[in-house]
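Taking it in order: structure first as structure tokens, then the write-up.
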Amino acid sequence: MDKLPKWADIALIPAINLALALIVSGIVVAFIGENPLNALQIMVNGAVGSTYGWGYTLYYATNFVFTGLAVAIAFHARLFNIGGEGQAQLGSLGVALVCLMVPWPHWTLALPAAIVGGAVFGAAWAAIPAYLQAKRGSHIVITTIMFNFIASALLVYLLVETLKVPGSMAPETARFPEGARLPDAQAVFGLFGLSFARTPLNISFIVALFACWGLWLLLWRTRLGYEIRAFGHSEPAARYAGISPTKITMIAMLISGALAGLMAINAVMGEQERLIQDNVLGAGFVGIAVALMGRSHPVGVLIAAILFGALYQGGAELEFETSVPREMVVVIQALVILFTGALDGMVRRPLESAFLRFRKQPKPGVAAE
Amino acid sequence: MGFIDIIPILDSTIRLATPLLLACLAGLFSERAGVFDIGLEGKMLVAAFFSAAVAAQTGNVWLGLGAGIAASMVFALIHGVASITFRGDQLISGVAINFLAAGMTVLIAQDWFNQGSRTPSLFGASRFGPVDLPFADQIASIPIIGPFYADALSGHTILVYVGLLAVPATWWVLFRTRFGLRLRAVGENPGAVDTAGVSVVRLRYAAVLICGLLCGLAGAYLATGLAAGFTRDMTAGRGFIALAALIFAKWRPWYALFACLLFGFLQAVSNRYSTLDFGIIEIPNAFVLALPYILTVVILAGFVGRATPPRAGGEPYVKER
């Protein structure tokens with residue numbers, strides 16, 4: 001029997017963990033000499049107080065949905081994919097190649113092709129650690145960390161040696177052609193006669209929502225999803241039921257890498273419109289926090305991604321208006337990972353015993369089972 | 001590339017291998033006791049910041065070193081509480097520690113010094129100076145050994161020699177003392193150690209704290225020996241290279257020394273030459289820099305010898321009731 005009711009598991013514990021992380025963050029802000037409540041107000045206002053704020057919040061959130069889903073599906077198979085960063089880098093390479101190779105007439109054609117490019121390259125980069133874990137028993141965490149560094153070295157090499165515009169000093173590719181540029185929120189809202197500030201939020205946000213829905217379908221409505229979750233719950237049981245560990249490890253990691261790679265359609269195709277060196281900017285790691293906070297459920301990931309998007313945009317405003325540097329966001333993120341991931345037992349265990357005490361009191365006169 | 005070129009490269013090999021070596025031995029203690037640690041990077045980073053910050057404030061590098069070690073041990077304690085007491089996921093805890101360090105150091109640096117996330121430059125007594133080994137001048141005239149001893153081996157800061165001496169010390173502690181025997185046992189079979197009446201929790205905490213101490217030395221060396229002050233993200237992935245070296249060394253102290261020297265050598269070479277031209281093939285700099293990571297993947301895959309980690313590594317120990 002579950003020790004906790006479902007609502008406590010999916011809502012109460014994350015809420016307490018998040019509150020703890022925010023309290024500690026508040027102490028840090030106070031230590032720097034700012035009023036934590038004032039800082040919170042600036043951040044909330046900056047993130048969701050205007051269409052400008054919303055635009056940036058949802059732009060960041062789009063990145064984090066992709067990387068968060070990537071970590072989440074791997075978690076379901078009990079694989080800790082810490083290589084979202086590298087997979088997203090390779091995805092960006094795939095997207096850039098697709099966008100530059102073909103003179104796209106219209107973005108509606110370029111987007112599906114770029115989705116395929118990003119997903120295939122991201123998946124390919126995840127495939128090697130997955131294969132090594134499944135077949136040779138290499139620890140996937142260590143190999144994916146190593147692959148992050150290898151990916152960044154590879155990208156530097158390609159940008160400096162082959163992809164750079166001839167004659168230019170900057171290690172970046174040419175700008176993508178007009179037909180490969182995604183419409184941003186301002187243009188989309190403009191079609192309906194609504195005004196929206198100029199932000200990098202673009203059509204990829206819709207793709208991110210579809211990715212959430214698709215992953216939910218996959219995990220809870222298909223046989224494959226069942227096999228992935230069964231494998232994650234108990235490998236021996238899954239093996240006994242005829243589920244191939246190799247197959248599940250490979251498939252889960254391929255989907256994970258593909259999702260991480262898709263981040264590039266938002267960041268590279270939607271915003272930068274060219275391939276630069278640092279295009280992921282840690283979003284691969286934010287995905288870990290997002291997946292942990294969202295309890296690896298697509299809806300939870302979406303909510304957590306928007307929260308983290310707001311945090312990133314609010315953090316930028318905080319730096320603008322106070323003496324608190326943007327790195328405050330990294331600290332909050334670290335605390336969220338620490339409390340929701342590593343220190344989960346600190347909240348869970350006392351809560352479990354509290355719930356047991358309230359529920360299990362046998363009625364007088366009834367024999368104990 | 002003649003012999004004259006080799007000496008400065010060996011000199012910077014030792015220089016660059018030292019932080020890797022100290023961090024690698026730190027990871028060795030922790031992982032031999034069954035606690036995975038991907039937070040080496042973060043612990044080095046806080047140690048680098050606090051050693052530089054305190055050294056800059058007080059003008060005394062030894063106080064800086066103490067502060068660096070203390071900060072690193074506080075982070076080690078967080079890792080210990082999360083992964084030993086609350087039996088949380090050690091990998092996730094390590095990730096959190098890396099982020100916490102990356103954010104905290106910049107935050108506090110900006111608050112204390114207002115110099116855009118760096119500490120003031122260190123000089124004089126607030127930095128570790130070179131130490132000349134005995135007889136360096138006399139031996140220098142002997143061919144081959146002389147220049148090697150006088151220019152490559154001598155003239156480093158004290159922490160370099162501490163790092164080199166830490167190798168036999170680690171070996172001795174792990175393989176010649178009762179504490180070491182128990183520490184290794186707790187990483188292989190904590191149940192057996194518990195049955196023998198030895199506290200698994202206490203041993204693992206001890207290992208994690210030793211790890212914090214050594215990471216503290218590594219970080220302090222970075223900011224007060226190798227460089228003159230703290231700059232943002234100055235560890236630059238060294239914690240992960242140390243992790244790679246640990247796997248390369250198959251969790252053994254002497255092998256760790258050679259792995260770190262090899263990775264230090266690769267770094268030294270790539271710092272000096274932008275590309276390596278062997279006539280037939282030209283090796284790009286990016287490849288040399290990525291080589292430690294590539295080698296680690298190859299080793300992990302078991303293509304060149306098999307690296308078997310401690311058996312109970314990564315698993316929290318639950319006492320039987």
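Computed from a prediction, not measured in an experiment: that's the story for all the values here. Protein chains get the first letters and strands the later ones, always in sequence-line order, with residue 1 at the start of each.
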* Structure fact -> Honestly, the part of B/Leu289 sitting under 4.5 Å from a heavy atom of chain A is neither
* Structure fact -> Honestly, the part of B/Phe36 sitting under 4.5 Å from a heavy atom of chain A is side chain
* Asked: With B/Gln57, which residues qualify under side-chain hydrogen bond (donor to acceptor under 3.5 Å, both in side chains), at least two apart?
  -> none
If you measure only the distance, is there a donor-acceptor pair under 3.5 Å linking the side chains of [X] and [Y]?
{"X": "A/Thr144", "Y": "A/Asn81", "result": "no"}
{"X": "B/His79", "Y": "B/Ser93", "result": "yes"}
{"X": "A/Gln87", "Y": "A/Asn148", "result": "no"}
{"X": "A/Ser323", "Y": "A/Glu34", "result": "yes"}

* Structure fact -> Highest number of heavy-atom pairs under 4.5 Å with chain B among A/Asp344, A/Ile82, A/Ile128, A/Ile337 belongs to A/Ile337
Heavy-atom contact with chain B under 4.5 Å, split by part of [X]:
{"X": "A/Val160", "result": "neither"}
{"X": "A/Phe285", "result": "both"}
{"X": "A/Ile145", "result": "side chain"}
{"X": "A/Leu154", "result": "neither"}
{"X": "A/Ile332", "result": "neither"}
{"X": "A/Ile288", "result": "side chain"}
{"X": "A/Arg349", "result": "side chain"}
{"X": "A/Val156", "result": "neither"}

* Asked: With side chains defined as the heavy atoms from C-beta onward, is the minimum distance between B/Lys250 and B/Tyr255 less than 4.5 Å?
  -> no
* **Ring-face cation contact, B/Tyr205 with B/Arg202, 6.0 Å cut, 45° max** => no
* Describe, in one word, how the ring planes of A/Tyr60 and A/Tyr312 are oriented to each other, choosing from parallel (under 30°), tilted (30 to 60°) and perpendicular (over 60°). => tilted
Identify which of [options] forms the greatest number of heavy-atom pairs closer than 4.5 Å to chain A.
{"options": "B/Asn114, B/Ile241, B/Leu243, B/Leu100", "result": "B/Leu100"}
{"options": "B/Thr296, B/Asp111, B/Ile78, B/Ile247", "result": "B/Asp111"}
{"options": "B/Ala82, B/Gly42, B/Ser117, B/Ala102", "result": "B/Ala82"}
{"options": "B/Ile97, B/Ile92, B/Thr105", "result": "B/Ile92"}

* **Steps toward salt bridge (Lys or Arg N to Asp or Glu O under 4.0 Å) verdict (B/Arg232, A/Glu327)** => CA-CA 11 Å; B/Arg232 152 206 297 253; A/Glu327 273 69 19; 2.8 Å; yes
* **Lys/Arg-Asp/Glu bridge criterion (N-O < 4.0 Å) met for B/Asp89, A/Arg78** => no
